[in-house]
Peer 1: 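Below is the structure I would like to discuss, written out as structure tokens.
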Amino acid sequence: MPTADFQLNFLRRIQWLLESSSYTSTYKFALLMATVNLAIESGVSDDRKCRISYQQLAEQFIQFYWIQALPFSDQSSDSVLRQSSTKGQASVINSILSLQNNTKTTSLTIARTQNIKLWQSTIKDIASTIKKYPAKYLQSAEDKVSREFLYIYDSKSNVITLKPGIAYCFTRFSRIINKLCQQYWTEFVRKNHHNQPYFSNDVDLQQFLFHQSRQSLKVLESILIDTQQGQCFYCHKNLKNNIEVDHFIPWSKYPIDTTHNFVLTDHSCNNSKRDYLAEELFYEKWLERNQQHGHTIEQEAKTIGFITNQQRSETISQWAYQIAVEHEDLVWSPDSSIRLRPINLDLLL
């Protein structure tokens, strides 16, 4: 584990990067947030190095920018917000707009599966953009001096390798970094003079940019119902007309839909659980469910365009519960006499 001084210095450098680093687009914020997500997915929980491919980063960029590539104003189809302060639209937005136009859909789920060759071509184009611009210049300030504290940039490599201890810090300070990046990103878009005509005094720009609508989850009911014997995952009551799909690891903790993360619940449990982690016994039950039915879930979910990677889902869950232990978070129970209580490390062993 990195030392306390190392972690503190990491936060200071992130603050410097956001406040002093030069940028002409929102790419740097997207790159930081993408690196946070991929560090979490890597499962690195010590001071090891961490390799991240540009293709992985490109997939994250599409997740971030997909909704932002839609018109901001209902009154104008030309109101896609500018993400660059230079002439013209950011190339990542243009790549996504081209994908949406060619697949004739604004659904990321459909676009991902409708034309695999086109999807892969878009990933390749965006990966090239990331390598050429934000990855190269992320750690540079206005004096053009590179301060490579996160990774050493290699123009010949198809990956970036986070330095020892950096992946750990990204995972431990994920919420802080994401919130700061969202704030700076929002201000950048708000101050861009090309976007000014679309804003009113009461517009919630950050809501539009980041509180993106989730995929429609109803299609998952038929996939998951048999894995739970037709019962609510938490209270075990029979599910009839009150079926809801719950993110086992809450969306607020990791806002990307991964199929193995979903469970079926009744309305009462889903409404009560909200953004809490479920108590420890359900974590074990969820892992057992995935071990037993993971392959079936993956095969069926692929046909409807959902991200399917069991190891990825379980790595994210391990991170979420580990952070909960470190922060002494509350966990949720369907037992009305308990509801919320501090997480118990001994029950996770």
Side-chain angles (χ1 to χ4, degrees), residues 1-18 28-57 59-61 63-64 130 134-135 138-139 148-152 159-185 210 247-258 260-261 275-278 280 283 286-287 307 309-331 343 345 348:
M1 179 187 301
T3 65
D5 285 344
F6 183 96
Q7 295 179 52
L8 183 58
N9 192 46
F10 169 85
L11 287 175
R12 287 172 176 157
R13 288 179 176 272
I14 292 293
Q15 182 180 17
W16 165 83
L17 190 154
L18 291 170
K28 287 192 173 185
F29 312 127
L31 180 54
L32 279 173
M33 293 173 66
T35 304
V36 166
N37 287 347
L38 293 170
I40 291 171
E41 292 180 17
S42 75
V44 172
S45 58
D46 50 27
D47 58 0
R48 285 175 293 160
K49 295 180 180 180
C50 177
R51 290 165 59 89
I52 296 174
S53 73
Y54 287 109
Q55 180 173 336
Q56 289 176 294
L57 290 168
E59 291 174 349
Q60 292 282 326
F61 267 52
Q63 291 275 354
F64 294 145
I130 296 170
L138 174 66
Q139 302 170 101
E148 296 183 317
F149 65 95
L150 299 176
Y151 55 84
I152 303 295
V159 302
I160 61 173
T161 302
L162 300 181
K163 289 184 172 183
I166 296 299
Y168 176 93
C169 290
F170 270 122
T171 65
R172 289 309 178 273
F173 302 118
S174 59
R175 287 196 174 186
I176 295 174
I177 295 170
N178 282 333
K179 285 185 178 181
L180 286 173
C181 285
Q182 288 180 11
Q183 289 172 5
Y184 277 89
W185 190 330
F210 302 109
H247 291 73
F248 182 73
I249 301 301
W251 172 270
S252 62
K253 296 186 183 297
Y254 192 86
I256 294 179
D257 289 331
T258 54
H260 294 88
N261 185 43
D275 292 334
Y276 292 102
L277 290 173
E280 302 82 359
Y283 183 38
W286 177 79
L287 289 172
I307 296 173
N309 187 318
Q310 182 173 339
Q311 182 59 54
R312 177 184 181 183
S313 295
E314 293 178 1
T315 300
I316 293 168
S317 72
Q318 184 180 19
W319 161 80
Y321 275 89
Q322 187 173 358
I323 291 294
V325 169
E326 293 179 8
H327 294 176
E328 298 180 348
D329 287 347
L330 299 176
V331 290
I343 193 168
L345 175 61
L348 287 173

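Quick caveat, the model's predicted, so the values are computed rather than measured. Throughout, numbering of the chain's residues begins at 1 and tracks the sequence.
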Peer 1: Is the number of heavy atoms from other residues, nucleotides or ligands under 6.0 Å of Gln7 CD greater than 12?
Peer 2: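 Yes, CD of Gln7 has more than 12 neighbouring heavy atoms, counting only those of other groups under 6.0 Å.
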Peer 1: Does Lys163 use its side chain to pair, donor to acceptor, with the backbone of Glu148 at less than 3.5 Å?
Peer 2: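 Looks like yes, one N/O pair under 3.5 Å.
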Peer 1: Let me confirm one number: the CG-CD distance from Leu57 to Gln55, rounded to the nearest 0.5 Å.
Peer 2: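 Rounded to the nearest 0.5 Å, the CG-CD separation comes to 10.5 Å.
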Peer 1: Donor-acceptor pair, Trp319 side chain versus Thr171 backbone, under 3.5 Å?
Peer 2: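 Flag set: sc Trp319 to bb Thr171 pair under 3.5 Å.
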Peer 1: Is Leu18 close to Phe29 at the side-chain level, that is, under 4.5 Å between some pair of heavy atoms?
Peer 2: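 Yes; the side chains approach each other to less than 4.5 Å.
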Peer 1: Between atom CD1 of Ile160 and atom CG of Leu31, what is the distance when rounded to the nearest 0.5 Å?
Peer 2: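 If I round to the nearest 0.5 Å, the distance is 6.0 Å.
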Peer 1: Can you list the steps and then say if Phe10 with Phe170 is a ring-ring contact (aromatic ring centres under 6.0 Å, His included)?
Peer 2: CA-CA 9 Å; Phe10 169 85; Phe170 270 122; 5.3 Å; yes
Peer 1: Hey, are the side chains of Gln311 and His260 touching, using non-hydrogen atoms and a 4.5 Å cut-off?
Peer 2: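 No. Closest side-chain heavy atoms not under 4.5 Å.
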Peer 1: If you round to the nearest 0.5 Å, how far is CG of Leu38 from CD of Glu59?
Peer 2: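 Glu59 CD to Leu38 CG: 8.5 Å, rounded to 0.5 Å.
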Peer 1: Quick check: closest heavy atoms across Gln182 and Phe210, and the distance to 0.1 Å?
Peer 2: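 Minimum heavy-atom contact is O-CE1, 3.5 Å.
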Peer 1: Any side-chain heavy-atom pair from Gln15 and Leu11 closer than 4.5 angstrom?
Peer 2: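 No; the side chains remain at least 4.5 Å from each other.
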Peer 1: Do Phe248 and Asn261 have side-chain heavy atoms sitting under 4.5 Å apart?
Peer 2: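 Yes. Closest side-chain heavy atoms under 4.5 Å.
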Peer 1: Has the side chain of Tyr321 got a donor or acceptor atom that lies under 3.5 Å from a matching backbone atom of Glu280?
Peer 2: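 No, the answer is negative, given that no donor and acceptor are paired below the 3.5 Å cut-off.
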Peer 1: Out of curiosity, Ile249 CD1 to Thr258 OG1, how far, rounded to the nearest 0.5 Å?
Peer 2: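 Result: 9.0 Å between the selected atoms.
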Peer 1: I need the minimum non-hydrogen distance between Ala34 and Phe64, along with the two atoms involved.
Peer 2: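 Scanning both residues completely, I find the closest heavy atoms to be N-CE1, 3.5 Å.
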Peer 1: Below 4.5 Å, heavy atoms only, C-beta onward: do Leu162 and Val44 meet side chain to side chain?
Peer 2: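 With C-beta onward as the side chain, the pair stays apart.
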Peer 1: Looking at Ser313 and Trp286, what are the two nearest heavy atoms and their distance?
Peer 2: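 Scanning both residues, the minimum pair turns out to be O-CH2, 3.7 Å.
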Peer 1: Evaluate Asp275 against Trp251 for side chain to side chain contact (heavy atoms under 4.5 Å, CB included), listing each step before the verdict.
Peer 2: CA-CA 7 Å; Asp275 292 334; Trp251 172 270; 5.9 Å; no
Peer 1: Thr161 versus Ile152: any side-chain heavy-atom pair under 4.5 Å?
Peer 2: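 No - every pair of side-chain heavy atoms lies 4.5 Å or more apart.
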Peer 1: Could you walk me through whether His247 and Asp257 pass the side chain to side chain contact (heavy atoms under 4.5 Å, CB included) test, one step at a time?
Peer 2: CA-CA 8 Å; His247 291 73; Asp257 289 331; 2.7 Å; yes
Peer 1: First locate atom NE2 of His327, then atom CD of Gln322, and finally report the distance between them rounded to the nearest 0.5 Å.
Peer 2: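 Separation between the atoms: 10.0 Å.
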Peer 1: May I have the step-by-step check of side chain to side chain contact (heavy atoms under 4.5 Å, CB included) for Tyr283 and Leu277, ending in yes or no?
Peer 2: CA-CA 9 Å; Tyr283 183 38; Leu277 290 173; over 6 Å; no
Peer 1: Could you tell me whether the side chain of Lys28 reaches within less than 4.5 Å of the side chain of Tyr184, counting heavy atoms only?
Peer 2: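 Counting from C-beta outward, Tyr184 and Lys28 never come under 4.5 Å.
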Peer 1: Measure the CG-OG distance between Leu287 and Ser317 for me, rounded to the nearest 0.5 Å.
Peer 2: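 These two atoms lie 5.5 Å from each other.
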Peer 1: Below 4.5 Å, heavy atoms only, C-beta onward: do Leu138 and Leu17 meet side chain to side chain?
Peer 2: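 Leu138 reaches Leu17 side chain to side chain.
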Peer 1: Only counting residues at least two apart or in another chain, list the ones meeting salt bridge (Lys or Arg N to Asp or Glu O under 4.0 Å) with Glu314.
Peer 2: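 Here no residue qualifies.
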Peer 1: Of the non-hydrogen atoms in Gln56 and Arg51, which two are nearest, and what is the gap between them?
Peer 2: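 Minimum heavy-atom separation between Gln56 and Arg51: OE1-O, 4.3 Å.
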Peer 1: Run the side chain to side chain contact (heavy atoms under 4.5 Å, CB included) test on Gln183 and Leu180 for me, step by step, so that the C-alpha distance in whole Å, both residues' side-chain angles and the decisive distance to 0.1 Å come before the verdict.
Peer 2: CA-CA 5 Å; Gln183 289 172 5; Leu180 286 173; 4.2 Å; yes
Peer 1: Indicate yes or no for a side-chain donor-acceptor contact from Gln139 to the backbone of Phe149 under 3.5 Å, with no hydrogens or angles considered.
Peer 2: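 Yes; at least one donor-acceptor contact below 3.5 Å.
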Peer 1: Does anything in residues 35-45 form a side chain to side chain donor-acceptor pair (under 3.5 Å)? List the pairs, not counting sequence neighbours.
Peer 2: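 Counting only pairs at least two positions apart or across chains, the side chain to side chain donor-acceptor pair (under 3.5 Å) contacts touching residues 35-45 are Asn37-Gln60, Glu41-Tyr254, Glu41-Arg312.
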Peer 1: Of all heavy-atom pairs between Ala167 and Ala39, which one has the smallest distance, and what is that distance?
Peer 2: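 Heavy atoms of Ala167 and Ala39 come nearest at O-CB, 3.9 Å.
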